[in-house]
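Taking it in order: structure first as structure tokens, then the write-up.
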Amino acid sequence: MVEVLLEAGGQEVAVAESGSRAGTPTEYAPTDMQSSVENVEKLTVFSTLREEQPKFQHRIVAIEGDCILPDLGISMTDRATLMREVSIVFHVAATVRFNEKIKSATAINVRSLKDAINLFKEMPKLKSFVHVSTAFANCLHNPIEERFYDPPIDSDKLIDLMDCMDEKLLDDITPQLLGTWPNTYVYTKSVAENVVKKQAGSIPIGIFRPGVVISTYQEPIPGWIDNMYGPIGIAAGAGMGLIRSHHCDGSIKANLVPGDLTINALIASAWDVANNRRSNEDTPIYNYVSKDNPITYDELKEMSAKYGLLVPTKESIWYYSFRNTKYRLVHLFYVYFLHLLPAFIIDTVALCMGKQPRLLKIYNKIHKFMDVLSHFSTTEWKFTNEKLNELTRKLTNEDRKLFFCDMKEVVWDTYFQSYLRGIRIYILKDPIETVPQARIKWQRLYWMHQTLKLVVACVFLIITWTMISRVLVTFGYA
């Protein structure tokens with residue numbers, strides 16, 4: 001099921017202070033694996049909700065819309081329903097593709113926000129409007145504080161530019177528009193915050209900036225995930241034996257935040273916006289990051305391997321052998337030697353056997369996906385989060401339990417016990433019942449991997465000895 005890794009399509013994407021998580025090697029022998037499948041329950045995502053609210057689905061009303069269309073593509077009837085019923089708005093809709101075309105990224109990430117604000121300004125019951133941005137919307141600055149920054153271009157000017165130029169010309173001038181901005185995603189998210197700044201004061205509005213959102217910690221079930229963005233795609237590729245090197249400084253802190261805690265913090269921020277109406281100059285901005293409970297990329301790799309190899313996937317094509325590579329030239333060596341060379345050999349054999357060569361094409365897409373992540377995995381940003389912490393202190397003890405969002409209370413070692421299992425089940429669609437078969441395959445791949453390493457080492461020694469012998473003969477020493 002290697003095709004599952006291609007769904008990201010060039011997508012993004014990212015510890016308790018006490019105690020070390022070091023000590024696990026880059027490669028793991030089968031003897032490291034212990035039984036973990038016995039205690040795994042069959043889990044249904046909405047089972048708890050169905051128990052507590054059997055008819056919850058009847059309380060959800062979906063309406064038709066499209067962020068790429070003017071006025072969000074919402075019909076007049078549905079607009080009237082929104083005006084009559086809605087009091088809290090979460091603006092989460094966005095394209096999160098790092099390499100999205102500038103015209104589409106502007107329409108979805110900038111214009112749709114402006115249209116949404118214009119729509120909801122007319123709502124008589126509106127109590128709170130929260131725009132979900134990203135912690136990296138202002139990535140040209142370091143540190144990143146909970147305040148507005150100057151956008152790369154005024155939001156209205158960018159929208160007008162998109163309207164008056166055809167897409168081909170816009171694609172041609174995109175590098176000039178971006179300048180030092182790494183991609184169209186963070187560029188348009190920065191401009192979107194300018195839309196909020198212009199409207200602040202006219203409605204109760206705030207900005208919520210999450211870090212790199214990954215699998216759930218507790219709710220609706222531990223480890224649930226439905227996308228291949230960022231570290232999820234890397235972990236899936238490494239677990240399948242496809243990805244063996246990632247251009248990443250393992251020592252820097254990855255601002256990872258579990259999905260369920262992120263949603264809880266978002267809900268709490270809406271409550272804070274509604275109860276603490278501020279002036280235009282003091283629009284609440286919440287940086288939701290793991291600053292108070294950091295984890296490095298090396299720790300992410302080590303704990304992913306520690307628990308992921310207990311539940312290998314039967315979809316693996318090779319044994320796990322993954323490393324974070326700080327220096328790009330070294331990473332490129334690994335890419336050519338450990339990715340492209342084996343892919344070329346396998347595709348050549350496939351072609352000779354009359355089969356369709358696939359691996360080089362797959363690696364081409366994987367490398368595009370990894371390249372867009374490298375900027376964010378080789379740079380460390382410092383964040384402030386005083387407003388977010390102030391918000392959590394306002395919550396009652398009961399609300400802190402209901403809307404658990406305190407990153408300081410996350411136990412990363414506990415979290416990663418379900419992280420890779422969730423990727424296996426929900427991304428690779430490999431049920432937990434297949435673990436015994438997967439382990440048999442894993443043993444075979446392990447010995448194939450070790451044998452190949454021995455063969456390569458022998459070939460290297462033979463070539464080295466041959467070259468040394470010729471040098472000795474040339475200079476009369478043998």
Side-chain angles (χ1 to χ4, degrees), residues 1-6 24-38 40 228 231-246 300-325 334-350 353 355-363 365-367 370 416-417 419-460:
M1 194 187 289
V2 292
E3 289 84 356
V4 73
L5 289 175
L6 306 184
T24 48
T26 300
E27 296 178 5
Y28 293 76
T31 53
D32 291 326
M33 295 186 290
Q34 302 171 0
S35 177
S36 66
V37 102
E38 293 80 4
V40 176
M228 292 280 286
I232 303 295
I234 297 294
M240 293 175 66
L242 275 169
I243 299 177
R244 301 181 185 98
S245 175
H246 175 42
L300 166 63
K301 174 183 73 72
E302 290 160 5
M303 284 191 281
S304 295
K306 176 182 176 182
Y307 292 111
L309 294 182
L310 297 177
V311 284
T313 172
K314 62 182 176 61
E315 304 295 340
S316 300
I317 66 170
W318 197 252
Y319 191 71
Y320 176 88
S321 178
F322 175 77
R323 57 194 52 78
N324 288 323
T325 310
Y334 286 138
V335 164
Y336 283 104
F337 188 69
L338 301 179
H339 289 183
L340 297 180
L341 179 59
F344 175 76
I345 295 172
I346 292 171
D347 277 1
T348 300
V349 172
M353 296 174 64
K355 297 181 179 180
Q356 186 71 23
R358 306 167 58 219
L359 214 48
L360 281 172
K361 182 179 179 180
I362 289 172
Y363 270 119
K365 294 187 177 182
I366 287 176
H367 292 153
M370 294 171 64
F416 279 95
Q417 293 180 36
Y419 174 72
L420 263 294
R421 190 176 69 213
I423 292 175
R424 184 190 202 274
I425 298 171
Y426 304 111
I427 297 298
L428 301 181
K429 308 301 181 184
D430 190 1
I432 204 71
E433 291 80 9
T434 67
V435 167
Q437 303 97 292
R439 285 178 174 167
I440 294 172
K441 181 178 181 180
W442 206 239
Q443 292 268 0
R444 185 170 67 250
L445 291 175
Y446 170 78
W447 290 114
M448 290 171 61
H449 180 67
Q450 301 304 326
T451 301
L452 180 60
K453 286 166 60 178
L454 181 62
V455 170
V456 171
C458 290
V459 171
F460 176 77

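Only this structure's heavy atoms are used, side chains among them; waters, hydrogens and symmetry mates stay out.
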Is there a side chain to side chain contact (heavy atoms under 4.5 Å, CB included) between Leu359 and Leu242 once you walk through the steps? CA-CA 10 Å; Leu359 214 48; Leu242 275 169; 4.2 Å; yes
Measuring only between side-chain heavy atoms, which start at C-beta, is Leu338 closer than 4.5 Å to Ser245? no
Angle class for the His449/Trp318 ring planes (parallel below 30°, perpendicular above 60°, tilted otherwise)? perpendicular
Output the distance between atom NZ (Lys306) and atom CG (Leu420), rounded to the nearest 0.5 Å. 13.0 Å
Taking C-beta and beyond as the side chain, do Thr434 and Arg424 meet within less than 4.5 Å on heavy atoms? yes
What one should report as the nearest heavy-atom pair of Pro231 and Tyr419 is O-OH, 3.6 Å
Which distance, rounded to the nearest 0.5 Å, do you find between the CG of Leu360 and the OG1 of Thr348? 7.5 Å
Can you name the nearest heavy-atom pair linking Ile234 to His246, along with the distance? CD1-ND1, 4.1 Å
Return the orientation label for the Tyr320 and Phe322 ring planes: parallel under 30°, perpendicular over 60°, tilted otherwise. tilted
Within the distance-only criterion (no hydrogens, no angle test), does the side chain of Lys314 pair as donor or acceptor with the backbone N or O of Lys441 below 3.5 angstrom? no
Are the side chains of Leu309 and Trp442 in contact, using a 4.5 Å heavy-atom criterion? yes
Tyr334 meets the ring pair (Phe, Tyr, Trp, His ring centres under 6.0 Å) criterion, sequence neighbours left out, with none
Kindly compute the distance separating CD1 (Ile346) from CG (Leu341), expressed to the nearest 0.5 Å. 9.5 Å
For His339 and Arg244, work out which heavy atoms get closest and say how close. NE2-N, 2.9 Å
For Arg421 against Gln417, the heavy-atom pair lying closest together: NH1-O, 4.0 Å
Can you name the nearest heavy-atom pair linking Ile427 to Ile232, along with the distance? CG1-CG2, 4.4 Å
Could you measure the distance from the CD atom of Gln437 to the OG1 atom of Thr313? Nearest 0.5 Å is fine. 11.0 Å
Closest contact, heavy atoms only, Ala438 versus Pro312: CB-O, 3.2 Å
Are Met240 and Asp430 packed together at the side-chain level, in the sense that at least one heavy-atom pair is separated by less than 4.5 angstrom? no
Kindly compute the distance separating CH2 (Trp447) from CG (Leu452), expressed to the nearest 0.5 Å. 14.5 Å
Measure the CZ-CD1 distance between Arg323 and Ile243 for me, rounded to the nearest 0.5 Å. 13.0 Å
